[in-house]
Every structure is written in structure tokens, then in C-alpha cells.
Amino acid sequence: MASNASANVIRTGNSARFVIYSILILFCLYYLLPLYVMAVNSLKPLSEIQAGGMMALPSQWTIAPWGSAWSTAQIGVEATGLKPYFLNSILMVVPAVAISTVLGALNGYVLTKWRFPGDTIVFGLLLFGCFIPFQMVLIPMARMLGLMGLAGTVPGLIFVHLVYGIGFSTLYFRNYYQQFPTELVRAAMIDGAGFFTIFRRIMLPSSGPIAVVCIIWQFTNIWNDFLFGASFSDFDSQPMTVALNNLVQSSTGVKEYNVHFAGAIMAALPTLLVYIVAGRYFVRGLMAGSVKG
């Protein structure tokens, strides 16, 4: 068995391997260069940045720009820093990701194991919603939020991202459950298990890989979103991305580039941490069937 597995492995020579690794390293350096520039300059005094040499390591290390970006930077009217807007993003992202993932799992379960007349049309409409550009829904969504009394609030942003993300989560879970043995569901029905019992005790426990895919995808899109946050939030409900833009645009006089770099890294850290912690599970989930069907 081991010999058969080794026979299927494509082996390359040392020269080809050297070329491949060299190209990969160059690409990694190219994509990591902006992160390096932001990191080193966020730890420099402003005078050192103004003197030039943005690529050089700090001669005088300081974390003062980080403290200023977090709690004292001028954003809008008050010098609140990014802290309250970071909390707004957390309050927006966590419920939106959790609800859209659960609803996507439920939709995928219904569309694969409890077929009904017109189910392909419903799935097609949900899939169509994934490809509608953000700009097309701004005015109708603003109207709906106004009628619901959610305009300019964090719950309103949660609702917007839930509506826009449920098509993707349904797609992931539907394609994943398409590979799940229907015989297990039928056996549970014969044993007297109901709709939600089967979903809770059979489908959900086996959905770990695709749930990770859905969570990472949704978390990244919602956290990094700027258009919906700028369009549907009030000053007190702005997410991190909008506040970061305001931090850069509202600076008067001398531009505090070190503070801006520190704020940009703060805005990017949650998604970086999610990928570092769960990145390998993301690949496993994709390979387990999320892009099949």
C-alpha cells in the first residue's frame, strides 16, 4: 500500500525544486513587504519616518503610536482612538457570522435531504444573490433599514451582512451535504427522529470542516467591508474599517504616519489571526466537498 502511494508521488529534481522554491519565496517577500513596512514604521517616532528610510528598522523603538491609535487618536469630533469602533466591529461580525452560518447549514440541509417542489429555483435565487454587486442594493437596503427602524445601528449592519452572506453560506453547506449519505438520514427517520433532531444530532456534528470554511469566509468579508459600513452606519455605530479611513482623512496639520500604520495593523489583525489559527482547516473544508456539486 505504501509502495503504491509513493509511486503516485511526482518527484522533481533538485534544480527544479530550487527554482520553484525561489519563485515562491520571491512571491512571499513581495506580498509581505507592505506588512513589513507598516510594522516597522508603526514602531518608530514620527521624526524618524519624516527623515526617510521607511524600509529601515527603527533606531528608536516605541509603542506610543499603538497607544495613540487605540485610545487617543482624533477620529471625527472626539479623540477616542479606534477602541470603540473595534468593539462595534466585534458586535457586528460575531452575530452576523454565527447566524448566517447556522441558517446556511439549515438551508443546505433542507435543499439536499428534504427536497420539495421548486427547491432548485430557491437555490438558484440564493445563488443569484451571491453575484449581485454591492452597489445595486444600497438604495433598496437603505429604504428597508429605514422602514425597520434599524438605520444607523449595529443591528442594522448585522442584518445587511446576514442578508448578503446567507447565499454564500447556503452554497457551501448545500454542496457539502450533497456528499453526505442520505441513508443515515432515512435510518434516523425510521427510528423516529424528527427534522430538527436529525439536523442537530447527525448533520451538525459532521459539519465541522465546512463550518470553518463558512466562518472564515464570512468573518473576512464582513470585517473588511467598507461600503456597507460607510453607507448604513451612524457615527456611533461605525465599524473599524470606516473609523480607520476617518483617522487618516481627519488628520490635520502633520500626518502621523506611525499612528496610521498602527491603526491599519490593528484593523488587519483579527483576520490574520483567524487565518493563522484556522487556515489549515479552511483548506480541509474545501477539499471535503464545499466546492463540489
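Residue indices begin at 1 and follow the sequence shown. As the structure is a computational prediction, the values presented were derived from the model and not from experiment.
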_On a heavy-atom basis, which atom in Thr271 and which in Thr220 lie closest, and how many Å separate them?_
CG2-CA, 4.1 Å
*Met55, Tyr257: one ILVMFWY side-chain cluster at the under-4.5 Å cut-off?*
yes
*Looking at Gly152 and Asp234, what are the two nearest heavy atoms and their distance?*
O-CB, 3.3 Å
*Give a yes or no on whether Leu43 and Leu33 share a hydrophobic cluster (residues Ile, Leu, Val, Met, Phe, Trp, Tyr; joining criterion: side-chain heavy atoms under 4.5 Å apart).*
yes
_Atom pair CZ (Phe128) and CD1 (Ile121), whose distance is rounded to the nearest 0.5 Å_ = 14.5 Å
*What residues, two or more places apart in sequence or in another chain, satisfy side chain to side chain donor-acceptor pair (under 3.5 Å) together with Trp70?*
none
*Are Leu171 and Leu126 close enough that some pair of their side-chain heavy atoms sits under 4.5 Å apart?*
no
*Indicate yes or no: at least one non-hydrogen side-chain atom of Trp217 is less than 4.5 angstrom from one of Val97.*
no
*Should we count CZ of Phe226 as having more than 12 external heavy atoms under 6.0 Å?*
yes
*Short question: side chain of Asn258, backbone of Pro45 - any donor-acceptor pair under 3.5 Å?*
no
_All pairs passing salt bridge (Lys or Arg N to Asp or Glu O under 4.0 Å) where residues 114-124 contributes a residue, at least two apart_ = Arg115-Asp119
*Does Trp223 use its side chain to pair, donor to acceptor, with the backbone of Ala268 at less than 3.5 Å?*
no
_Nearest atoms (heavy-atom pairs only) where Pro239 meets Met92_ = CB-CE, 4.0 Å
*For atom CD1 of Ile63, is the number of surrounding heavy atoms from other residues, nucleotides or ligands below 6.0 Å larger than 12?*
no
*Partners passing side-chain contact (heavy atoms from CB on, under 4.5 Å) against Ser206 (at least two apart in sequence or in another chain)*: Phe180
*Are any non-hydrogen side-chain atoms of Val212 and Ile216 less than 4.5 angstrom apart?*
yes
*Is the closest side-chain heavy-atom distance between Phe134 and Asp225 below 4.5 Å?*
yes
*Heavy-atom check, side chain of His260 versus side chain of Asn41, under 4.5 Å*: no
*Got more than 12 heavy atoms from elsewhere within 6.0 Å of CG, Leu273?*
yes
_Reference residue Ser42; test side-chain contact (heavy atoms from CB on, under 4.5 Å); the match among Ile265, Val37, Val259_ = Ile265
*Shared ILVMFWY cluster between Leu269 and Tyr85, side chains joined below 4.5 angstrom?*
yes
*Start with the C-alpha gap between Ser71 and Lys83, add the side-chain angles, then the distance that decides, and say whether side-chain contact (heavy atoms from CB on, under 4.5 Å) holds.*
CA-CA 6 Å; Ser71 58; Lys83 180 179 179 180; 5.6 Å; no
_Neighbour count >12 (heavy atoms, 6.0 Å) for atom CZ, Phe27_ = no
*List for me each residue that meets side chain to side chain donor-acceptor pair (under 3.5 Å) alongside Ser59, sequence neighbours excluded, and say none if there are none.*
Glu48
*Which residues satisfy the ring-ring contact (aromatic ring centres under 6.0 Å, His included) test with Tyr177, sequence neighbours excluded?*
Phe173
*What are the two closest heavy atoms between Arg200 and Pro205, and how far apart are they?*
O-CD, 3.3 Å
_Tyr21 OH to Leu26 CG distance, which is reported to the nearest 0.5 Å_ = 15.0 Å
*Considering non-hydrogen atoms only, spot the tightest contact between Leu46 and Lys255 and give its length.*
CD1-O, 3.5 Å
_N/O donor-acceptor pair under 3.5 Å between Ser169 side chain and Thr101 backbone_ = no
*Supply the atom-to-atom distance Tyr172 OH to Ser207 OG, rounded to the nearest 0.5 angstrom.*
15.5 Å
*May I ask you to check whether over 12 heavy atoms, not counting those of Leu29, lie within 6.0 Å of atom CG?*
yes
_Atom pair CG/CE of Leu82 and Met240 - distance to nearest 0.5 Å_ = 4.5 Å
*Side chains of Arg174 and Phe123: closer than 4.5 Å at any heavy-atom pair?*
yes
*Side chains of Leu162 and Leu103: closer than 4.5 Å at any heavy-atom pair?*
yes
*Heavy atoms, side chains only, cut-off 4.5 Å: are Phe159 and Met148 in contact?*
yes
*For Lys44 and Met54, which heavy atoms make the closest approach, and how far apart are they?*
NZ-O, 3.6 Å
*Is there a path of hydrophobic side-chain contacts, each under 4.5 Å between heavy atoms of I, L, V, M, F, W or Y residues, that connects Ile20 with Tyr30?*
no
_Pairing residues for Phe195 by the ring-ring contact (aromatic ring centres under 6.0 Å, His included) criterion, not counting sequence neighbours_ = Tyr109, Trp114
*Mind checking the CG-OG1 spacing from Leu145 to Thr153? Nearest 0.5 Å is all I need.*
7.5 Å
*asked:* Quick check on the hydrophobic clustering: are Leu244 and Leu227 connected, directly or via other members, by side-chain heavy-atom contacts under 4.5 Å?
replied: yes
*asked:* Can you confirm if the aromatic rings of Phe261 and Trp66 lie within a centre distance of less than 6.0 Å?
replied: no
*Does Phe219 CZ have over 12 foreign heavy atoms under 6.0 Å away?*
yes
_Return the OG1 to CG distance between Thr120 and Leu127, rounded to the nearest 0.5 Å._
12.0 Å
